[in-house]
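Notes follow once the structure below has been shown.
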There are 2 protein chains.
Amino acid sequence: MKILIVEDEIGIANFLKQGLEEEGYDVLVANDGKTGYDLALSQKVNVILLDWILPQMTGIEVCKSIRKTDSKTPIIFLTAKDTVQETIEGLKAGANDYIKKPFSFDELVERIKIHFRNENENDEMSLGNIKIIKSKHQILVDNQEIAFTQREFELLGYLIKNKGKVCTRNQIIEDVWDIHFEYDTGVIDVFMNAIRKKLNLNKDEELIKTIRGVGYIANDLN
Amino acid sequence: MKILIVEDEIGIANFLKQGLEEEGYDVLVANDGKTGYDLALSQKVNVILLDWILPQMTGIEVCKSIRKTDSKTPIIFLTAKDTVQETIEGLKAGANDYIKKPFSFDELVERIKIHFRNENENDEMSLGNIKIIKSKHQILVDNQEIAFTQREFELLGYLIKNKGKVCTRNQIIEDVWDIHFEYDTGVIDVFMNAIRKKLNLNKDEELIKTIRGVGYIANDLN
DNA sequence: AATAAATAATGAAAATTCTAATAGTTGAAG
DNA sequence: CTTCAACTATTAGAATTTTCATTATTTATT
């Protein structure tokens, strides 16, 4: 998890860098707007902390320029410009949050974490003797790898991520198939069948259960 | 775009409701925590504005309960509890933003818009004589519909959404194929070929160009 | 200008995904 | 306890997606 700090006051930059490194983040510092802009586009950065008043390019300019090519990376303004007008200008430039100096470091950390919540989704998850490793695209049953296709992998991953909760067919179509228009299909059942076959589960086993009229649920048996 | 307001002070709730409706949002109001929680789960809401002090369930309880089953819908605390401690508690409960009363209505609107940026992606887009309508899953060339498969549709849509910018093969695999693990493939080229055939474009036409060594770009010709 | 090396386009076969039809189950109503 | 209706599982075949090999094109080098 890499954070880019764009801040010209060395003292503040160092204070932030040290604090965030203690929190376990990789930190990159740029002391002027132009360098910040270049780093934002060239490095894979997860969050950008941006001052407003900077040499070379202002924070607003940096923010707008980044947004021209990258609409996703979260940008947090961190500035002494504290009027409502300025806050709105910063947000309109494409920022995701706007924190006024002086700020609480703990609150900053918490506001940074908001943007990591999704990326933090566990790379490794397990359900009974099944283990799933997203980054390697692997599924192990009793430490033995079993080949899963893309869709099978995603569907099983989704059920395990939500283990203990019922996943409705609608939720599955939305979240796994990413289909947001009206669509009537029986494809989920077909894939559940394929997954159960590969895992050697028959349909009355507790590990993955059918909830009649609703959907499916994965259960850790403790 | 539907906003749920969970607020027990009728005056504030009405003020917010009216203001947000003028901004063009659909607004739903709950006057106590329990009702708010029920509505949040039963209705398809895009953003939730949450007060802290509420009858039945506190905002914190509502927030935590929603997050148990719904980890996505943005929750914005809107409260008079203004200490750093409380802000952090609110954010840790799963909120996405924390605005202290009294607040500027304009700033609230701007902070709400942050969460709509992604969903606001244009339903209709065009490139030259090509028109794409996401909600209907349609592609029209000179007002004549042409059948596209799912992947073809998504890839062309991605290029048009980013028209004027080069899309690298890596970006395309990440954003269109949603593949985040190491993966070497030539599948993009195959689909570009299929798309060009359907659109009757040969490879040196300006509308969709190959950028050698990088990827592809869609260009509006003006 | 000729050649080689790298990259892209293309076609066809393989694999996956999806549809649609059939068989099997479940649970409610009588 | 049966019967029926609604839902789920399973299968096979159709459509889409992906891989892989071949051909074509571009760029750099001689």
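Naming: A, B, ... by sequence-line order, numbering from 1 per chain.
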**Request:** Measure up the A:Trp52 and A:Phe77 rings against each other and bin them: parallel (under 30°), tilted (30 to 60°), perpendicular (over 60°).
**Result:**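 Taking A:Phe77 first and then A:Trp52, their aromatic rings sit tilted (interplane angle of 30° to 60°).
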
In whole angstrom, give the distance that lies between atom [atom1] of [X] and atom [atom2] of [N].
| X | N | atom1 | atom2 | result |
| --- | --- | --- | --- | --- |
| A:Glu154 | C:dC18 | CD | C1' | 15 Å |
| B:Ile179 | D:dT18 | CD1 | P | 7 Å |
| A:Leu201 | D:dA9 | CG | P | 12 Å |
| B:Ile195 | D:dT17 | CD1 | P | 10 Å |
| B:Asp204 | D:dT25 | CG | C1' | 11 Å |
| A:Met192 | C:dT25 | CE | P | 18 Å |
| B:Lys198 | D:dA15 | NZ | P | 13 Å |
| B:Ile188 | C:dT7 | CD1 | P | 15 Å |

**Request:** Determine, for B:Asp123 against B:Lys136, whether the closest basic-nitrogen to carboxylate-oxygen distance falls under 4.0 angstrom.
**Result:**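 Between B:Lys136 and B:Asp123 there is no salt bridge, as every charged N stays at least 4.0 Å from the carboxylate O atoms.
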
**Message:** What I want to find out is whether B:Lys44 reaches A:Glu174 closely enough, with some N-O distance under 4.0 Å, to be called a salt bridge.
**Reply:**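 A:Glu174 and B:Lys44: salt-bridged.
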
Phosphate OP1/OP2 of [N] contacted by [X] side-chain N/O (<4.0 Å):
| X | N | value |
| --- | --- | --- |
| B:Arg169 | C:dA8 | yes |
| B:Asn193 | C:dT10 | yes |
| B:Trp177 | D:dT17 | no |
| B:Thr210 | C:dT7 | no |
| A:Lys197 | D:dT11 | yes |
| A:Thr149 | C:dA15 | no |

**Prompt:** Does a side chain donor of either B:Thr73 or B:Arg67 reach within less than 3.5 Å of an acceptor in the other side chain?
**Reply:**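 No.
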
**Position toward the 5' end of DNA chain C (nearest nucleotide), A:Phe148 or A:Val190** =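 With A:Phe148 and A:Val190 compared, the 5'-side residue is A:Phe148.
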
**Asked** If you look at every strand shown and take non-hydrogen atoms under 4.0 Å, does A:Ile211 touch a base, only sugar-phosphate, or nothing?
**Response**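 The answer is sugar-phosphate, as A:Ile211 gets under 4.0 Å only of primed atoms, P, OP1 or OP2.
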
**Item:** Heavy-atom donor-acceptor pair, A:Arg151 side-chain to C:dT17 base, under 3.5 Å
**Value:**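 Absent.
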
**Prompt:** Counting only distance, no hydrogens or angles, is the base of D:dT8 paired donor-acceptor with the side chain of A:Arg212 under 3.5 Å?
**Reply:**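 Such a pair does not exist between side chain and base.
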
**Asked** Which of the following nucleotides, C:dT16, C:dT19, D:dT8, is nearest to the side chain of A:Tyr183?
**Response**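 Comparing C:dT16, C:dT19, D:dT8 against the side chain of A:Tyr183, the answer is C:dT19.
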
**Request:** Kindly point out which of C:dT19, C:dA9, C:dG11 is positioned nearest to the side chain of B:Tyr216?
**Result:**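 Of C:dT19, C:dA9, C:dG11, C:dA9 is nearest to the side chain of B:Tyr216.
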
**Message:** To the nearest 0.5 Å, what is the distance between CD1 on A:Ile130 and CD1 on A:Ile160?
**Reply:**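 So the gap between those two atoms works out to 5.5 Å.
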
